[in-house]
Amino acid sequence: MNHTKQLFITQLRPDIYLMDEAHEASGYIVVGEEKVCVIDTMNGYNDLHKAVREITDKPIVVVNTHGHPDHIFGNIYFEEAYMNPADNELAAQFVNILEFAESCKKYGLSMPPFKPLKGGDLLDLGGKTLAVYDIPGHTKGSILLLLKEERILFTGDSINHHLWMQLDGCPKMDEFVQSLDKLLFLENEADYILHGHARGFDDISLMRCLRQGAVEICEGRTENDRPYKWFGGVDMQHPFALEAGKQYSQADSVICYKAGEQH
């Protein structure tokens, strides 16, 4: 609804598109033989339904990786969206913000209902299958989506180069490590990661590198950590190393966490 915020669409593979909305958030379009899936709808600045229709006329399935506004607000251009119900309460907090509600009213738009989606579910697009995995951490209801045929893991904000774990509701870091441990088998199922703020592919090893950074925080190896200033205050950020010789979309990588809560 802010048309000065430009939408950039890049075709990564014949049936996979990256949407970069004003360099603030990324979403994805995955085109199957029967349906098309929109993964995360970003901030809602642009008419994403129109953008999808310029690519395909197939039925649209919208999936939100979690309930933060820069991943769900663009749902207003669609009739329904799927999300893990564990994030429904979180999403409602943002949907009910007066400024957003007034903007929707101004343009005659509204948030569609969330339909439930959780770990173990499969989305069949026809020739392309998205498998859903729960990854509580960044939010309670965060999910990963594995595009099996293309060996690509869509991770939202749960696995990226700038992970926020300092938010209210985030678990202890050791609990997040346990969540990652249950999912490390995905290294054998995927070659690349596309996350919620990416502009290209990351090697799947980003998951293991992120896990190692979280372990270092748990073990108190934080002597090189620096303060992290954000709109919620000042917390800490822990740099983690990437593997040499692998493809990453950026070099600098950190996990943000609440000071004094690393153990």
Side-chain angles (χ1 to χ4, degrees), residues 5-13 16-30 39-43 45 64-66 68-71 74 135 137-139 142-147 150-167 170 173 176-177 179-180 183-184 186-187 189-217 221-222 224-232 234-257:
K5 302 274 192 175
Q6 191 170 355
L7 179 67
F8 304 90
I9 299 180
T10 303
Q11 188 173 16
L12 300 179
R13 290 189 178 177
I16 301 174
Y17 299 81
L18 184 154
M19 300 181 289
D20 173 2
E21 194 169 55
H23 303 327
E24 293 180 13
S26 299
Y28 300 93
I29 300 170
V30 179
I39 300 173
D40 285 339
T41 59
M42 305 167 291
N43 281 302
Y45 300 144
N64 302 128
T65 60
H66 61 292
H68 283 151
D70 56 335
H71 296 264
I135 182 169
H138 177 63
T139 69
S142 288
I143 60 169
L144 307 178
L145 296 163
L146 173 65
L147 182 56
E150 300 278 349
R151 294 181 60 85
I152 295 172
L153 189 64
F154 297 91
T155 62
D157 286 355
S158 294
I159 301 172
N160 64 24
H161 291 275
H162 196 97
L163 175 63
W164 278 20
M165 289 291 291
Q166 81 280 16
L167 303 171
C170 288
M173 198 64 67
F176 180 58
V177 171
S179 293
L180 288 171
L183 297 168
L184 283 179
L186 291 171
E187 290 181 311
E189 306 292 328
D191 299 318
Y192 296 105
I193 282 171
L194 288 171
H195 63 74
H197 296 273
R199 298 183 199 170
F201 289 108
D202 281 290
D203 187 83
I204 189 63
S205 58
L206 177 62
M207 175 187 284
R208 187 172 290 275
C209 295
L210 179 76
R211 178 196 176 277
Q212 180 57 35
V215 168
E216 291 166 1
I217 295 172
R221 289 187 274 165
T222 56
N224 295 320
D225 292 3
R226 297 167 295 163
Y228 177 65
K229 296 180 180 180
W230 61 296
F231 60 81
V234 179
D235 288 296
M236 299 298 293
Q237 56 183 324
H238 177 77
F240 63 90
L242 302 175
E243 293 186 6
K246 300 291 178 66
Q247 174 185 342
Y248 301 108
S249 59
Q250 64 186 81
D252 296 333
S253 303
V254 299
I255 299 173
C256 301
Y257 64 95

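Aromatic ring centres of His197 and His162: separated by at least 6.0 Å.
The two residues Ala25 and Asp70 come nearest to each other via the heavy atoms CB-O, 3.4 Å.
Relative orientation of the Tyr228 and Trp164 rings is perpendicular, given thresholds of 30° and 60° on the angle between their planes.
Side-chain contact of His71 with Asn64: a donor-acceptor pair under 3.5 Å is absent, judged by distance alone. Side chains of Asn160 and His138: a donor-acceptor N/O pair is absent below 3.5 angstrom, by distance only.
When side chains are defined from C-beta on, Phe154 does not count as touching Asp40, because their heavy atoms never get closer than 4.5 Å. Using a 4.5 Å cut-off on side-chain heavy atoms (C-beta onward), Ile204 and Asp191 make no contact. A 4.5 Å side-chain heavy-atom check between Lys246 and Cys209 finds every atom pair outside the cut-off. Within the 4.5 Å cutoff, side-chain heavy atoms of Phe240 are placed close to those of Leu210. Side chains of Ile217 and Met165 form no contact here, defined as non-hydrogen atoms less than 4.5 Å apart.
A 6.0 Å sphere centred on CZ of Arg151 holds more than 12 heavy atoms belonging to other residues, nucleotides or ligands.
Applying side-chain contact (heavy atoms from CB on, under 4.5 Å) to Phe8 and the options Met19, His23, Glu21 leaves one that passes, His23.
Atoms OG and CD, from Ser205 and Gln212 in turn, are 13.0 Å apart once rounded to the nearest 0.5 Å.
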